[in-house]
Amino acid sequence: MTQITESAAPRARLLPVAVTGATGAQGGATARALLRAGRPVRALTRNPGSPAATQLAALGAEPARADFDDPASLATALDGTGALFAMSTPFGTDLGVEVRQATALLDAARAVGSVRHVVFTSATNADRSTGIPHFDSKHRIEQHLAGLGLPWTVLGPAAFMENYANDWTLQSLRDGVFHLPMPPGVPLPVIAADTIGTFAAHVLARPDAYAGRRIDIASQWRTGEQIAAAISAASGRPIRFEQVPLSVVAAHSEDLATMFRYLQDPGLTIDTAALHAEHPTIDWQPLETWAAARTWDL
């Protein structure tokens, strides 16, 4: 594997950034932001020949096969990279698998010897003993990362705006209703995937300034009524907000029900005003701008 000596360490800034989840929302946004900034990107994916990977390759990224259950593929994909954008997901698998796979990725990043900075995306307040299963799993990964001896930064994104345009949400939007398991008038912190990617690229370009920091990130706070109004204005369709009972959520996922109980009380804690003041060059895309830029097939 590639080893970097102390005298060569400054050149790590010129090495590719390995981006996991590169064909998804967060990873894809990060890869595109890095490419726009002129940083080489190695897009880690199980299928380098997929349409999404091909699109990234057309933008200048280097797709590389990486399977979290195949340590040899991780070592090969990470070899010669100078930094890593790491993410994990409990959905489509289970929490134990999420932690095991993310741990394997981080261990591989340490082992290759070239990686000098890891940025891991977790969740807002995941380090605060929330009791939310898929928050707690991410905190376990954060703790493992902190013990590796590599410079690290943890980002804790708030609720994804993209959740308001997924298939389940679109079904109800076509009936003129925006469903959310939150009481009327109670806001959530929200953020777009593109903003996460922009912020991650900003951090990856400044490892010395961000090493050892955990930063929760959000663009703004929005209530269910405000989200419905933004989608209504963007789509040209009347959309009203309707609260979903937690019992309905629990029937689908106790994990998500636990999350929305926490979001209602005590709620997430993030000072968006201070965050934005510290990072004035970031485009903190408002929900209304995000909604207006989408094509709503309603």
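The shown structure was predicted, so the numbers you read here are calculated from the model rather than taken from an experiment.
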Taking the side chain as C-beta and beyond, is there a heavy-atom pair between [X] and [Y] under 4.5 Å?
X      : Y      : answer
Val41  : Pro16  : no
Leu155 : Val119 : yes
Leu35  : Arg39  : no
Asp216 : Asp271 : no
Arg46  : Arg65  : no
Phe135 : Met259 : yes
Val118 : Arg110 : no

Exercise for review: Tell me, yes or no, whether the heavy-atom count around Arg140 atom CZ, taken from other residues, nucleotides or ligands under 6.0 Å, exceeds 12.
Suggested key: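 No, the 6.0 Å shell around CZ holds no more than 12 heavy atoms from other groups.
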
What is the distance from atom [atom1] of [X] to atom [atom2] of [Y], rounded to the nearest 0.5 Å?
X      : Y      : atom1 : atom2 : answer
Ile227 : Ser232 : CD1   : OG    : 13.5 Å
Tyr210 : His202 : OH    : NE2   : 3.0 Å
Asp107 : Leu150 : CG    : CG    : 9.5 Å
His139 : Leu145 : NE2   : CG    : 11.0 Å
Gln171 : Asn166 : CD    : CG    : 9.0 Å
Phe85  : Thr30  : CZ    : OG1   : 3.5 Å

For residues [X] and [Y], report the shortest heavy-atom separation together with the two atoms involved.
X      : Y      : answer
Ala83  : Leu204 : CB-CD2, 3.9 Å
Ala146 : Trp152 : CA-NE1, 3.7 Å
Pro48  : Ala53  : O-CB, 3.3 Å
Met161 : Pro286 : CE-C, 3.9 Å
Pro40  : Leu14  : CG-O, 3.7 Å
Thr258 : Gly131 : CG2-O, 3.6 Å

Point to revise | Audit row: Val19, Leu44, side-chain contact (heavy atoms from CB on, under 4.5 Å) steps and yes/no | key: CA-CA 6 Å; Val19 177; Leu44 274 55; over 6 Å; no

Using atom types as modelled and distance alone, determine if a side-chain donor or acceptor of [X] lies under 3.5 Å from a backbone N or O of [Y].
X      : Y      : value
His134 : Leu256 : no
Thr20  : Met87  : yes
Thr124 : Ala158 : yes
Asn125 : Thr130 : no
Asp136 : Pro133 : no
Arg116 : Gly113 : yes
Thr81  : Ala18  : no

Do [Y] and [X] meet the salt-bridge criterion of a basic N to acidic O distance under 4.0 Å?
X      : Y      : result
Arg213 : Glu142 : no
Asp127 : Lys138 : no
Glu225 : Arg240 : no

Can you give me every donor-acceptor pair (side chain of residues 172-194, partner residue at least two apart or in another chain, under 3.5 Å) with its distance?
{"unit_1": "Ser172", "atom_1": "OG", "unit_2": "Thr169", "atom_2": "O", "d": "2.9"}
{"unit_1": "Ser172", "atom_1": "OG", "unit_2": "Val177", "atom_2": "O", "d": "3.1"}
{"unit_1": "Arg174", "atom_1": "NE", "unit_2": "Asp297", "atom_2": "O", "d": "3.1"}
{"unit_1": "Arg174", "atom_1": "NH2", "unit_2": "Asp297", "atom_2": "O", "d": "3.4"}
{"unit_1": "His179", "atom_1": "NE2", "unit_2": "Glu242", "atom_2": "OE2", "d": "3.2"}

Check your understanding: How would you list, by chain and number, every residue that makes a side chain to side chain contact (heavy atoms under 4.5 Å, CB included) with Ala108, sequence neighbours excluded?
Key ->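 For Ala108, the residues satisfying side chain to side chain contact (heavy atoms under 4.5 Å, CB included) (neighbours in sequence not counted) are Leu74, Leu78.
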
**Study point:** Partner residues of Thr198 under the side chain to side chain contact (heavy atoms under 4.5 Å, CB included) criterion, sequence neighbours left out
**Key:**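 Only Arg36, Ile282 meet the side chain to side chain contact (heavy atoms under 4.5 Å, CB included) criterion with Thr198.
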
Exercise for review: Sequence neighbours left out, what passes side-chain hydrogen bond (donor to acceptor under 3.5 Å, both in side chains) with Trp290? Give chain and number order.
Suggested key: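 Per chain and number, Trp290 pairs via side-chain hydrogen bond (donor to acceptor under 3.5 Å, both in side chains) with Glu162.
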
Check your understanding: Excluding sequence neighbours, so at least two apart, what forms side-chain hydrogen bond (donor to acceptor under 3.5 Å, both in side chains) with Thr153?
Key ->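 Scan of Thr153 (side-chain hydrogen bond (donor to acceptor under 3.5 Å, both in side chains), adjacent residues dropped) gives His117.
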
Check your understanding: Passes side-chain contact (heavy atoms from CB on, under 4.5 Å), Gln226 versus Gln220? Steps please.
Key -> CA-CA 11 Å; Gln226 290 172 324; Gln220 58 190 163; over 6 Å; no

Exercise for review: Only pairs at least two apart or in different chains count here, so list each ring-ring contact (aromatic ring centres under 6.0 Å, His included) that has a residue in residues 211-257.
Suggested key: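 For residues 211-257, and leaving out neighbouring residues, there are no ring-ring contact (aromatic ring centres under 6.0 Å, His included) pairs at all.
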
Exercise for review: For the pair Phe68 and Ser73, evaluate side-chain contact (heavy atoms from CB on, under 4.5 Å) and give the outcome as yes or no after the intermediate values.
Suggested key: CA-CA 8 Å; Phe68 287 172; Ser73 75; over 6 Å; no

Practice item. Applying side chain to side chain donor-acceptor pair (under 3.5 Å), run through Thr195 and Gln285 and close with a yes or a no. Key: CA-CA 7 Å; Thr195 305; Gln285 186 179 73; 4.7 Å; no

Practice item. Apply the test side-chain contact (heavy atoms from CB on, under 4.5 Å) to residues Val249 and Glu254: give CA-CA distance (whole Å), side-chain angles for both, the deciding distance (0.1 Å), then the verdict. Key: CA-CA 7 Å; Val249 181; Glu254 185 57 42; over 6 Å; no

